[in-house]
Amino acid sequence: MTSPQGVRAQGVGASLLRKEDARFLHGRGRYVADITLPGMLEVAFLRSPVAHARLLGMTKPEGAAERVFTFADLDGVGHIRAVSGLPGFRISEQPVLATDKLRHVGEAIAACVAPSRACAEDLVAACVLDYEELPVVSDMLSAGLPGTALVHEHWSQNAFLETTRQDDLSELDAIAAAKVTRRLRTSRQCMAPLEGRGVLVEWDPRLEQLIVTTSTQMPHVSRTGLAEILGLDEGQVRVIAPDVGGGFGYKGILLPEEVVCAHLAIRLGRPVRWIEDRLEHLTANANCREHHYIVTAWADAGGRLLGAEVDATVDAGAYSSYPFGACLEAAQIGSIFPGPYTLPKFSFRTVSACTNKPPILPYRGVARTGVCYALETTMDALARKLGISATAIRLANLVPPEAMPYRNLVGKVFDSGDYPEALRRAMASVDLAGIRARQAAGECVGFGLAVFCEQGAHGTSVYAGWGVPIVPGFEQATARFSPDGVLEIRTGVHSHGQGMETTLAQVAHEVLGVETARVRVVHGDTALTPYSTGTWGSRGAVMAGGAVAEACRLLGERALAIGAALLQAEPGAVELSGGAIRRRDGGAAVTLAEIARTWYRQPQNLARDVDKGGLEVIAGYRPDPDTGTHSYACHAVTLRVDRDTGEVAIEDYLVVEDGGTLLNPMIVDGQVLGGVAQGIGTALYEEMPFDAAGQPLAGSLADYLLPGATEVPDIRLDHMETPSPWTRFGQKGIGESGAIGPPAAIVNAINDALHRFGAEVLDLPATPARVLAALEAAR
Amino acid sequence: MKPAAFTYARPADWPEALALLGGGARAQAGGQSLGPMMNLRLAQPGAVADLRHLPGFAGVTVTGATCRIGAGTTHAAIEDGAVPGLLGRILAGVARRIAYRAVRNRGTIGGSFSHADPAADWVAVLPVFMGEAIAFGPAGERRIPLDGFLRGLFETALAPDELLRAIELPLLPAGTRWGHWKFCRKPGEFSKATACVLAVPGAPVRAVLAALDTPPLVIADAGALLLAAPEAEAARIVAGLGPLEPWRAALARTALQRAGLAAREDA
Ligand SMILES: Cc1cc2nc3c(=O)[nH]c(=O)nc-3n(C[C@H](O)[C@H](O)[C@H](O)COP(=O)(O)OP(=O)(O)OC[C@H]3O[C@@H](n4cnc5c(N)ncnc54)[C@H](O)[C@@H]3O)c2cc1C
């Protein structure tokens, strides 16, 4: 992996500064809201003020018939249907504007267009709604009880799906040394990227094509979804994702607002734009997480797990969103719950409850953050009951390195790694004896751990079984030289914080030796890039990285043949190194730039039998097996709890992480740090409460607390680098990892501090109110 | 989140400002509370009178033992030492912890006090001083004691046709001790419990307990909070507030105790 000069200056493994930062740091990024077009109209949506009602009618403001649109006005537009192939799945039809029923606060009812957003909001304010309220289903745990109002009236029950697995656990009570049961809850959150959603749509009459500029992390999937719902050929839809200010899963969803804007752009013959504001973001759209668990686990005296039983409910909200569907969280709980451990027996029941809340959408970590919380707090509860350490119980159960690759009892295959070593390394750099001494002296400090692994870049074989609208196949990339020798990489994934304009250039450099400054990574435009399901599931580095490497390898072969001819050598007598084709005997060399120049501008110098494909290659890549990589980590937290205020102060946060071969360690650090910051939000701050009437109670960032610079401590990072045996460079998906461990590690530390006072926190986030309530209950 | 249409006026003098107010305009100082309310359309004034160019709106003057702080003085100016002496040190300490600098650059002490958000910092602190608010209305200036200015949640003693022109505070003698504690989890979050304790030599110790979703409670004789063990006194005061959620009551007790402790240790 070293370049000919023997330095990792630019290739795989180099901490190269990010190429894209020049434009971001100088304020030259271009987001949807930065783009305006002549004649553009702005859209504001009339949204449901209530959680559940029969929509009886809507009176448009006088004279505004052609500026206010309801579903009845949208000829030929279909509903959003995100089905699942899992047996028993109940299908929801999400109208892009409400038809006869209102199913959550914030559901769009009408689109109002005007030359400015303020005027569009005036129109919204002048609309008069007529509705009849229905009983609200606001609690996921009672949503399925008989007699409850139905969110979708043709269903038999308020649940998208129930999944189960039943092992025989009947013996365990008799043989176990310890059994614990915990009831745990995670809050409903909002992903809160800096940039919310936004879309600008224009109809190009010449091309008969919609040009949809939208803040998405998966432009090709948006295109497919839009074309289907609008009844257009996919060729009539071009999706452009310009700079995107953070995605985290929220930008992986086709929103009703995008469909409506696209239709209106065609109908009105003018560009139409909608920019989500923070109120819409928080209260109507960007909802995620919200799990409830009842976990029972059994262990022997040495801490070895004998079995576990999980009853999990996820509040999936009112609709199944496109493309991931309503069961992405709950249905995965069963397969993720065994975690990094060798669990011998396991039963579960999961319910994707349907309620009068906005649809649950994917958020960095997806189901894993909740699962890790449930599993790792249960592990600590078991350890406390057995009187053994949190380290000991984990070491007794972690999959050992000699078992790799390891297939666990639900069929997940872990590719490589030394899980126990991550824990040992963490413990070696934590002063646990010091913490115990402070506790003995009466200080309310605590130490907590979370160990977990993260499946990433899982492919066809995993998703085919789910029957969702999106099944990733071979990831493709185009590599081509332009006449001046600049290498252009075209990829269908999107980079919105991951630094892929840099890492993919590093991969290209690794293979072809072209200076990264002369590699241009093109992404975010369906007209310019090969199809891809996009950036999600921690798949960019593995899938796009592999595809770019393969395309570059093939391009190198083409260049080598041309170069050999120019050098009047047999192909076997030359090699590609340092960005040139060189004679192996140390003689003459011809640079890739010269070869490009020859192909495009001096074709008279090419050999007669030259490959007519030239210097442009599209290649596909998929790891084999494609069950995904597993990065893993140990998070170790030391914190103080103020028993008078319930406040938590993190003193030390350590992450030992193994992401396999790191394409760019600095960028990986950034990914982990950002993820941990979000995980701290999940653990301590973020919560979108709803009242019994289904009203969201945090309408601004004054109420929905996000951790900021003053709330995130310095985080210590330590990397292990165990290559994945299945990927091109040994790299593993690591994009979500940082956000998975913090709630578990932090609450374990809080409970380590509190248990001497008989108190235990069970619900997230661990706010001062919850910590004080736990202490109060123990009095 | 765009405001409904409104007209904007920039009165050049106080009578013109009053005239605009009489015509139904809403006063605007720093706009840091009014702006968000208008953007959310919680407030939809047809007209806004921007007070920031009125003569004497901002600025601090000291006459004898009294410090007069123009209503339009920004939190940032106070943070940066616009008020002299011991009083200035105390007020700067309060100002520094309001939101973040961008908000402090625009938000004003008078705007905050007039807005009367029960969780706001000046609302929680100003009533502890034996000072006065200077109101200006059609009949001229009127003085309102600071501990009688706040009448309820978002409600003050100002008449609809009056503006707050200044806050007058007595300068503090050497030996004055001060304690202030507020609970908020991050900068910019409104407090969930605030207390301050002021011990001026030769005068009864005063305290304020605030940010409990009720108007601030002024404790005119708070000497017991300066004792080595203020827990009982703090509990007594909080118990008198009426029903509070247990965690909020715990925070309120802690606020009083810690403000008391800080004042006790204030050299
Ligand atoms: C993000 C953010 C965080 C914040 N955090 C805090 C915080 O931690 N602590 C805190 O205390 N505050 C906080 N604030 C509020 C801030 O301090 C405001 O400055 C203050 O509440 C209002 O002052 P203003 O000058 O901006 O008043 P404006 O917003 O202009 O006016 C507020 C109200 O008072 C009226 N008014 C203004 N001036 C006068 C006057 N002279 N006479 C009569 N009526 C008048 C207006 O008509 C309006 O009703 C925060 C604000 C923001 C935006």
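Throughout, protein chains are lettered first and strands after them, A, B, ... in sequence-line order, and every chain is numbered starting at 1.
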Engineer: For B:R258, which atoms come within 4.5 Å of any heavy atom of chain A: side chain, backbone, both, or neither?
Structural biologist: side chain

Engineer: Take atom CG in B:L42; do more than 12 heavy atoms of anything else shown fall under 6.0 Å from it?
Structural biologist: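 Yes, the 6.0 Å shell around CG holds more than 12 heavy atoms from other groups.
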
Engineer: What part of A:R770 gets closer than 4.5 Å to chain B, counting heavy atoms only: side chain, backbone, both or neither?
Structural biologist: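 Answer is neither: A:R770 stays 4.5 Å or more from chain B.
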
Engineer: For A:A125, is it the side chain, the backbone, both or neither that has a heavy atom under 4.5 Å from a heavy atom of chain B?
Structural biologist: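 The answer is the side chain of A:A125.
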
Engineer: Counting only N and O atoms by type, is there a donor-acceptor contact under 3.5 Å from the side chain of A:E647 to the main-chain atoms of B:R185?
Structural biologist: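 Checked: no pair found.
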
Engineer: Can a donor-acceptor pair be found, under 3.5 Å and without considering hydrogens, that links the side chain of B:K186 to the backbone of A:T710?
Structural biologist: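 No; judged by distance alone, with no hydrogens or angles, the pair does not exist.
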
Engineer: As an exercise, state the distance from CG of B:N39 to CD of A:E121, rounded to the nearest 0.5 Å.
Structural biologist: 8.5 Å

Engineer: Please determine, among A:L775, A:D642, A:L701, the option with the most heavy-atom pairs under 4.5 Å with chain B.
Structural biologist: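 Top count of heavy-atom pairs under 4.5 Å with chain B: A:D642.
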
Engineer: For the CG atom of A:D644 and the CD atom of B:E231, what is their distance to the nearest 0.5 Å?
Structural biologist: 9.0 Å

Engineer: Side-chain contact, heavy-atom cut-off 4.5 Å: B:P187 with A:E711?
Structural biologist: yes

Engineer: Can you tell me which portion of B:F183 sits under 4.5 Å from chain A's heavy atoms? Options are side chain, backbone, both or neither.
Structural biologist: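 Answer is side chain: those atoms of B:F183 sit under 4.5 Å from chain A.
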
Engineer: If you define the side chain from C-beta out and look only at heavy atoms, does anything of B:R41 sit under 4.5 Å from A:D122?
Structural biologist: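 In short, these two side chains touch, coming nearer than 4.5 Å.
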
Engineer: Which atoms of A:A773 come close to chain B, meaning under 4.5 Å heavy atom to heavy atom: side chain ones, backbone ones, both, or neither?
Structural biologist: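 Nothing of A:A773, per the 4.5 Å heavy-atom cut-off to chain B.
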
Engineer: To the nearest 0.5 Å, what is the distance between CE on B:M1 and NE2 on A:H281?
Structural biologist: 10.5 Å

Engineer: Could you check which of A:D703, A:V771, A:L684 has the highest count of heavy-atom pairs closer than 4.5 Å to chain B?
Structural biologist: A:L684

Engineer: Nearest heavy-atom pair of A:T645 and B:T254: which atoms, and what distance?
Structural biologist: CG2-CG2, 3.8 Å

Engineer: For a quick test of reading the model, state the closest non-hydrogen atom pair linking B:P3 to A:A118 and the distance between them.
Structural biologist: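 Reported closest heavy-atom pair: O-CB, 4.2 Å.
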
